[in-house]
Amino acid sequence: MAKPSFDKAYEPHEVERRWYAFWEENGLFAAEEESDRPSFSIVIPPPNVTGVLHMGHALNNTLQDILCRYRRLCGDNVLWMPGTDHAGIATQNVVERNLAERGLTRQALGRERFIEEVWRWRETYGSAIIHQLKRLGASCDWRRERFTMDEGLSRAVRKVFVDLYREGLIYRGDYIINWCPRCHTALADLEVEHEEVDGRLYHIRYPFAGAAGGLTVATTRPETMLGDTAVAVHPEDERFAALPASAVLLPLMDREIPVIRDPYVERGFGTGALKVTPAHDPNDFEIGRRHGLPAVKVIGDDGRMTAEAGRFQGLDRFACRKQVVAELERLGLLVEARPHRHAVGHCYRCRTAIEPNLSRQWFVRTRPLAEPAIAAVREGRTRIIPETWANTYFDWMENIRDWCISRQIWWGHPIPAWTCAACGEVHVAMEAPGRCTRCGGSELAAEEDVLDTWFSSALWPFSTMGWPEDTALLRRFYPTSVLVTGFDILFFWVARMMMMGLHFLKDVPFRDVYVHALVRDEEGQKMSKSRGNVIDPLEVIDRYGTDAFRFTLAAFAAQGRDIKMSEKRVEGYRHFINKIWNAARFALMHLEGVQDLPPASELSLADRWILSRLANAAHETRRALDAYRFNDAAAALYRFVWHEFCDWYLEAAKPALQDPARPQPRAAARAVLGRVLREALVLLHPFIPFVTEEIWHHLPGTSGSISRAAFPEASGFRDPGAEERMGILIEAVTAVRNVRGETGIAPGQALEALVHAGRPEVREVLAAQRELVMRLARLSSLSFLEAPVRPRGAATAVAAGATIYVRLEGVLDFAREAARLEKELGKVEKELAAIERKLVNADFLAKAPAEVVHKVRSQQAELGERREKLRAHLDRIRAYDSAS
RNA sequence: GGGCGGAUAGCUCAGCCGGGAGAGCGUCGGCCUUACAAGCCGAAGGUCACAGGUUCGAUCCCUGUUCCGCCUACCA
């Protein structure tokens, strides 16, 4: 492949395309089914086939990719299992909308042709999100890509359904479920989103049957009264202890309904009398069961009133409400309609108000499945990180209710059940039975409902690996190492995978669950189309490059905190990418061929220092990633690369690199430069895979893809002595620069400096590194004084345990210098005062650990010394000033 | 109703086992110093929301308060 030019500014797009193709062609993301290396596996949270990449996906997959690339660099055999979800309701809605544009409906098409249409749609658009994940750099093992409607996964679904049914953990029955009149299907409790709305609480008078007076009930949904079959009061409510009649006359319907007594009724709410509509309210349904009440279904599946609603038949439920209220008002039975704020359920797919409806559905008995799933987390077999989410998990699991799994839509896994036309026997089996096992009848009607999409997603960690076959993949990669997901699907998905995994594989589906935050907009608002505040990740990638975007996501992925995304941030990290790029450009000017590191004795102080800092950066990165602290890892790398490697090492190494007259230090610097850059790139690679791969191929001493390099060891070049000595140098140089900045001397003007070093080691370091200090601080000379005596016209800096005089002949503004010293002195005195307050405290001396006391004492000594020096200089400056 | 999280520099956020608070961006001053102006050097800027408590010592632990955000729930 042609080497591109190494331009001043990094140009990401061509680089990204080129390297992604290279990775895929060379199978660098492929997991091995047979391997001696440790296994590491992640199953992707499968995005909806209909979806397009949003910020949530971008964060989620960036974090997974960082982990996968990191583990590969550590030598693991990594499986990142990719795929998509058929997303029953969502996909059906999208395809239906598409049909509507062509003037068609699914009903007109018929079930079979509609399903074909969905598959066609999937062929055309279903890979969009996969391509987008690739642009993000996702290193999935794409050859293994799965789809929840694939034959293999469908088999797993049927097997699970049949087994659970036979174990009595799946049943069918008539219950109140959440019905979406728009999607025309039942929904699980979880799929209902509650929203506070301003409604009204209507007080309606139900006259007694055959007696004067009546009972006033309170309701927010007056239209349901048409289906009332009782009025309930609390058994111990004195107000209703003696009633003139045991029944009331249901207004508008002229039906007599009994007054019953049930402790469910809350005496303090409304009027204390509750209308009971068993067909349209879950609590009323229970009351109805307890009292043997009939259930009258007045609202149909289309949201319109049924024949049971009498003359209201055919009216939309909300229109009906208005009319019922109007008629009651006319009859003088509407006592009042006060404003009332309450929660109303909405369909999580289409936002339509949910109708609780009596209906025959299939359910999973969840409690027996939930118990092992609770235990697994309690016992730490699966860790939830951050831990706080474990509480949420327990809370939900412990109060779990049966799961309605049947959906009245067409796109999904058919429920494998058949009903005998002759005897009504229900058969649940993997394949359609030939004839009825009970009566021998041959006419068997297949169940028309399909399964909840989450039913198949619950199997994802093992169905993707070939279950129910006993595959090599399962043996090697199940349980998966970690699941990375957003908290919004903790119940929908994580909890259910836990239940299914434990039940069918007798082991947890994942060792760790890393729960990350939501990506919000700059103001902290949830991104949504209706708010119009959506930032498209692909546009961000177009503008700033994938690497900058990924690094931003990682840098802001602090545990337990939402990410507020703005392009400004990404721009900042694009600068970082560019910085790396330019550091590499610089390095390449000096690197030729591979050079081994010389022994430590031949390395300069800066060489030893940067190698030590590299080891430290490797250590911090490793520790942070092992703990899923992505932001810590990103920060450590940023600091190392920019503020240590670029700001100090490269500048410090320039003299050696640029001086051909001294081959030995030059060779050492070259070797170190090459080594540190290579290893830094490897450390960075999980975060910014493209630019690191690109640079890698330019560097001498590298081979193959950086994605298969070895993650640097943290222990290698630790050198505390070098770190301390370099610290002195940095402090001294910074002090001189400070003087220069504060006194307004042009950076170009070389200055003379004289140093009085109190501690011999400080003098030794500065003397040994004289040339370097001069260069970095832009000095024309650096000499040493035996006593702290300020030369004429010199500014003073106290730093690194030394006094540094900077000659500013004729330029020194005494007033300004005095002000500068005063400011410095003020700071020191304030710090010292705080320290000394501690040391006069007998309790502190007696009770604090010796090492803390020692530390404080040495701080006191150091600050005291600084204070004395500053005072002395200030006095002299003042004296000089007033004298002159 | 129950639960969880947050409040730290102008902005956005880090801050591990309690030992006197950091970064990025922004601001101010100075620099085109041949890797990088997407850059370099320097500086300013903080009652760590408020009130108590524990402790020799609290941004950190405990209690309460205020203000935000989220999850959850069958008072119609």
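Worth saying up front: this structure is predicted, and the values here are computed from it rather than measured.
Under 4.0 Å is where a charged nitrogen must lie from a carboxylate oxygen, and between A/D198 and A/R341 at least one such pair does. Salt bridge annotation for A/E651-A/K654: present, with a cationic side-chain nitrogen under 4.0 angstrom from a carboxylate oxygen.
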**Fill in**
In B/S/- notation (B base, S sugar-phosphate only, - none; protein heavy atoms under 4.0 Å), nucleotides 23-31 of chain B written 5' to 3' is -SS----SS
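When each of B/G42, B/A14, B/C70 is scored by its nearest atom to the side-chain atoms of A/F487, the top-ranked nucleotide is B/C70.
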Return the polar atom pairs (N/O with N/O) between nucleotides 72-76 of chain B and the protein under 3.5 Å, or none.
from: B/C74; atom 1: OP1; to: A/R401; atom 2: NH1; distance (Å): 3.0
from: B/C74; atom 1: OP1; to: A/R401; atom 2: NH2; distance (Å): 2.9
from: B/C74; atom 1: O2'; to: A/Y264; atom 2: OH; distance (Å): 3.4
from: B/C74; atom 1: O2'; to: A/N283; atom 2: ND2; distance (Å): 2.8
from: B/C74; atom 1: N1; to: A/N283; atom 2: OD1; distance (Å): 3.1
from: B/C74; atom 1: O2; to: A/N283; atom 2: OD1; distance (Å): 2.8
from: B/A76; atom 1: O2'; to: A/A218; atom 2: O; distance (Å): 3.4
from: B/A76; atom 1: N6; to: A/E266; atom 2: O; distance (Å): 2.9
from: B/A76; atom 1: N6; to: A/F269; atom 2: O; distance (Å): 3.0
from: B/A76; atom 1: N1; to: A/E266; atom 2: N; distance (Å): 3.2

Quick one: which protein N/O atoms are closer than 3.5 Å to N/O atoms of nucleotides 54-56 of chain B? Pair and distance per line, please.
from: B/C56; atom 1: OP1; to: A/K847; atom 2: NZ; distance (Å): 2.7
from: B/C56; atom 1: O2'; to: A/N841; atom 2: ND2; distance (Å): 2.8

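With sequence neighbours excluded, no residue satisfies side-chain hydrogen bond (donor to acceptor under 3.5 Å, both in side chains) with A/R678. Taking the side-chain contact (heavy atoms from CB on, under 4.5 Å) definition, one finds that A/V852 meets it with A/F844, A/P849, A/V856, sequence neighbours left out. Remark: A/E731 pairs with no residue by the side-chain hydrogen bond (donor to acceptor under 3.5 Å, both in side chains) rule, at least two apart or across chains. Scanning for side-chain hydrogen bond (donor to acceptor under 3.5 Å, both in side chains) contacts around A/R622 gives an empty result, with sequence neighbours left out. A/E11 is linked by a salt bridge (charged side-chain N to carboxylate O under 4.0 Å, His left out) to nothing, counting only residues two or more places apart in sequence or in another chain. Take A/D284 and apply the side-chain hydrogen bond (donor to acceptor under 3.5 Å, both in side chains) test, not counting sequence neighbours, and it matches no residue. Considering only residues two or more places apart in sequence or on other chains, A/H590 meets the side-chain contact (heavy atoms from CB on, under 4.5 Å) condition with A/F586, A/L657, A/Q658, A/L673.
No side-chain donor-acceptor contact under 3.5 Å links A/T552 and A/R569.
Taking the P atoms as reference points, B/U33 lies 14 Å from B/A38, given to the whole Å. Taking atom P in both B/C16 and B/C32, the straight-line distance is 43 Å, to the nearest Å.
Side-chain atoms of A/E355 and A/R317, non-hydrogen and from C-beta on, do get closer than 4.5 Å to each other.
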Can you give each donor-acceptor pair under 3.5 Å made by side-chain atoms of residues 625-647 of chain A, sequence neighbours left out, with the distance rounded to 0.1 Å?
from: A/D626; atom 1: OD1; to: A/Y70; atom 2: OH; distance (Å): 2.9
from: A/Y628; atom 1: OH; to: A/D512; atom 2: OD2; distance (Å): 2.6
from: A/R629; atom 1: NE; to: A/D632; atom 2: OD2; distance (Å): 2.6
from: A/R629; atom 1: NH2; to: A/D632; atom 2: OD2; distance (Å): 3.3
from: A/H643; atom 1: ND1; to: A/D647; atom 2: OD2; distance (Å): 2.9
from: A/E644; atom 1: OE1; to: A/R613; atom 2: NE; distance (Å): 3.2
from: A/E644; atom 1: OE2; to: A/R613; atom 2: NE; distance (Å): 3.1
from: A/E644; atom 1: OE2; to: A/R613; atom 2: NH2; distance (Å): 3.2

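For the strand RNA chain B, secondary-structure stems (runs of at least three Watson-Crick or G-U pairs, all distances below 3.5 Å) span B:1-7 with B:66-72, B:10-13 with B:22-25, B:27-31 with B:39-43, B:49-53 with B:61-65.
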